[in-house]
Amino acid sequence: MTRQNVYLAQPSYMSSSSVPFPAAIGALAAYAWSLPDIGEAFVLRDILFLREKIDQVVSRLENPVLFGFSCYMWNMEYNKALAARVKEAFPGCTVLFGGPQVPEGDALLRSCDQIDVLIHGEGEVPFAALLRTLRDGATLRDVPGLSFREGGEIVNVPTAPCCKVDFPSPVTSGFFDRLVREHPGMEFTPLIESSRGCPNHCAYCSWGNKETGMRLFPLERVYADLEWVCAHEMEYVGFADSNFGMFSRDEKIADKIVELHEKTGYPKKFQVSYAKDSGERVFRITQKLNEVGLCKGVTLSFQTMSPEAQKNIGRSNMDIEFYKELLQKYADAGIVTYSELILGLPGETEESFLGGIEQLLEYGQHAQMMIHLCEWLPLSPMGEKAYVDKYGVKTVRIPLNQPHADLRAADEVPEYSRVVTATCSMDEQTWMRVTLFGMCVLSCHHLGLMQLAALYLYFEKGVKYVDFYNALLSFFLAKGNSVFNRIQKQLEGIVAGTAGAVISDDRFGTVSWTFEEYAFLSAVYRKDAFYREMDAFLTPFIPDAAFRAELLRYQSFIVKEIGRPHSEFTGNYAWREYLAAMQRNQKAVLAARPVRYAVDDENVCASWPEYARKVVWYGRRGGKNLYSSEIKETAPDE
Ligand code: B12
C-alpha cells in the first residue's frame, strides 16, 4: 500500500546559532508512528522547524494529505500564512492547527478559511485518532478535542482529559536523530519533559491543565533522554517542567545530570523552572548542580507583592521572612537568585508595585530581578472574556516581545504579542510611569550602574530605595534627551499600538534589547559623561564632594567596559568589602584606609556589539557585567 504524506511544522527563530528541537510535533510523531498501523498508512515526509521562505516550503511538498502546525505566539502568523499557501496549492490537504496559541472553541476556524481542523489541548492521542479517521474516511465527530468543518458547519467535540504517561519520548524515538542526520552542522537545543502540567493555575499563565493535573514520565525515559543528549554531545539541555524540585525523584534526576556531566562533559548548560515554593529540596538540587557549573541561578518567584493582585490571579506567595532566609542561604552558597515581577496584574496599583520593589530590595534582592510585562495568553484564565470584563484588562497587540532576536532574521511574516497596558486598578498613564520606574531600578540597581550609591544611602542615611530611584528617574527625564526619555516615548508607542517592547541600536549589534539592558548599555557607552552627570545628581544626597567623587569612581570601576584588560583603582576607603557586605544585605563599616584595587579581565571585549552580547545578554544572569570576585587588593605602596 502506498503510504500517504504527512508534514508537520513547528517553526522557531534561530537563536544565535542554535535552534530548539520541535518538541511538540516530536511528541506527536513519536507517539503516532509508534503505532504500527499508522506507520503502514502514513509517512512523515518533512519536519519544518525553521522559518523558511514560504515559497520554498510549498515548492517541495509532495501530495500532502495532512499538514499539522504547532502554534505558539512566536509562530502563529507564519503558520497561518504557510497554511494558506498550502491550502491554495493542495486544496485536498487537511490543514491542522494545535498548540498553546490555539484558543478554545472554533473562533480560529471561523477567522481562517485555510484551517480545517483544530486539536485542543494535548495532542498525542487525538492526533493519532485523526490520522486513523482520515485513513478510514470515518467521521471526526468521535475524536475528542477537535473543532472541524463538516458540510458547511463547524463541529466542536469536547476534549477528554489525558492521563497517559507511557508516550514514547521524541528524544529517543528516532525523531531527534532524524533531524540531526538531515541537518548536519545545525546546532539543536534539546528539550526534555520529565513531567507534564503545573499544579498552579495562575491567571496570566496557560501552563498545565486543571483536569489532568501533573503527571510524571517514567524515570527510565528521563534517564534515557539525558543519555541521548550526552551521547550526541549536546551542550545545552532544557527541561519543560514547571516545578522541578517538587518531587523527591527530581533529586535523582539532578544526580543523574551531575553524574553524566562528570562522566561525559555533557550537558554543559542546564535550564529548568524550579518549584515555586522553593524549599530545601530545590536548594539541595541547585547546590549540586552549581558545584559542577550547571546552575544558571534560581528564581525566587513572586510575580506580585500585592495581596489584592495575588488574590485576583489565584496565587499565594512564599512567606516574605522565609524569602529573606532563602536569599541569604543561596548567597552563602554562591548561587545566584533572581526574583520576577509581572507588571499589569489586576489589583496592582502604583503604590503596591513600588512598595513591592522596595520590599524586595530591603529584603536583599540586589542580585537579579526581572520585571515582565504581562502577556495576554489565549488559553490562560486571563484570556477569558469574563476575566477581561471583570478586571477591566486592556491589551494592546505589539510586535513580538522577543529580546535578543536577530533583526537580520526578520522574515516575511511579522509575529505579535499582546500585552496588558491597563486594568481596573491601573490606568495607562500609571502603567507607563511604573514601567519606566521599574526599568530605572533594573538598569541602575540590578545591572548595577548606581547600586553602590543606592546601597550606601540606604544603609548609612536610611534613604528608601524607591525614593532614591524616583529621584534618579526624575533627574534623567528632566534632561529631555536621556535614554529614559526615549524609553518613555516607546512606552507611549506601546499604549498607542505603534511600538514594541524591545529596542535595537546599531551601536550594539544586530539584536534587540530589553529596555533595562538598553539603558545600561547606553550609559556604559558614555561612561565618563554618565558618571559626571551622576555626580551632579548625587550632590544633594552626598554633599562631601571628595567622598562623592570617590564613591562614583569605585562605582564606575566595577562596571565592565570594553577594551580594558587591566584597570586599577586607588582610594581612601575599603569599598570592596563594604559593597560585598551590602550586596548580601548586611550593614558594614566602610573602613577608611588607603586601598589599591586591580582587575585583570581575561575576557575583555574588543567591540560594543561583542560587549553587549557577551557581558550584558549572556552575562547578566550571573552578574558578569560587574567586577566582583575578580577585584584584587594590592598594597598601596607596592
Ligand atoms: C520550551 C519553552 C520555551 C522555549 C521555546 C522553545 C521553542 N521555540 O520551541 C523558550 C525558553 C525560548 C520559551 C520562551 C517563551 N515562552 Co515558552 N515555554 C516553553 C515550555 C516550557 C515548553 C514547551 C514545550 O515544547 N513543551 C513540550 C510539548 C510536548 O508540550 P506542548 O508545547 O504543550 O505541546 C502539546 C500540546 O500543546 C499540543 N500541541 C502542540 N503543538 C501541536 C501541534 C499539533 C498539530 C497538535 C495536534 C497538537 C499540538 O500537543 C503537544 C503534546 O501534547 C512551555 C511550557 C510547557 N511545559 O508546555 C512554555 C510556553 C510554551 N511558553 C510560553 C511563553 C508565554 C513564553 C514567553 C513569552 C515567556 C516570556 N515571558 O519570556 C517566551 C516567548 C519567547 C518569544 N517571544 O519568542 C507559553 C506559550 C503561550 C503561547 N500561547 O504561545 C507556555 C505555554 C508557558 C506559559 N506560561 O503558558 N519558551
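Residue numbers count from 1 along this sequence. Start at 1 and go down the list; that is how both ligands and their atoms are numbered.
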Present, as a list of atom pairs with distances to 0.1 Å, all nitrogen or oxygen contacts under 3.5 Å between ligand 1 and the protein.
| residue | atom | partner | partner atom | Å |
| --- | --- | --- | --- | --- |
| ligand 1 | 8 (N) | S12 | OG | 3.0 |
| ligand 1 | 32 (O) | Y72 | OH | 2.5 |
| ligand 1 | 41 (N) | S70 | OG | 2.7 |
| ligand 1 | 50 (O) | G123 | N | 3.0 |
| ligand 1 | 53 (O) | G123 | N | 3.1 |
| ligand 1 | 53 (O) | E124 | OE1 | 2.8 |
| ligand 1 | 53 (O) | R196 | NH1 | 3.2 |
| ligand 1 | 57 (N) | W207 | NE1 | 3.1 |
| ligand 1 | 57 (N) | A240 | O | 3.0 |
| ligand 1 | 77 (N) | N401 | O | 3.3 |
| ligand 1 | 78 (O) | Q402 | NE2 | 3.2 |
| ligand 1 | 83 (N) | P100 | O | 3.3 |
| ligand 1 | 83 (N) | Q101 | OE1 | 2.6 |
| ligand 1 | 84 (O) | M73 | N | 2.9 |
| ligand 1 | 90 (O) | S206 | N | 3.0 |
| ligand 1 | 90 (O) | S206 | OG | 2.8 |
| ligand 1 | 90 (O) | W207 | N | 3.4 |

Quick check: does any side chain N or O of E415 sit under 3.5 Å from a backbone N or O of M76, one acting as donor and the other as acceptor? yes
Counting N and O atoms only, with roles assigned by atom type, does the side chain of N156 sit under 3.5 Å from a partner on the main chain of S147, one being a donor and the other an acceptor? no
Among residues at least two apart in sequence or on other chains, which ones pass ring-ring contact (aromatic ring centres under 6.0 Å, His included) with F90? none
Excluding sequence neighbours, so at least two apart, what forms ring-ring contact (aromatic ring centres under 6.0 Å, His included) with F515? none
Listed by chain and number, what are the side chain to side chain contact (heavy atoms under 4.5 Å, CB included) partners of T337, not counting sequence neighbours? L300, L327, Y330, Q365
So how far is it from H446 NE2 to M369 CE, rounded to the nearest 0.5 Å? 4.5 Å
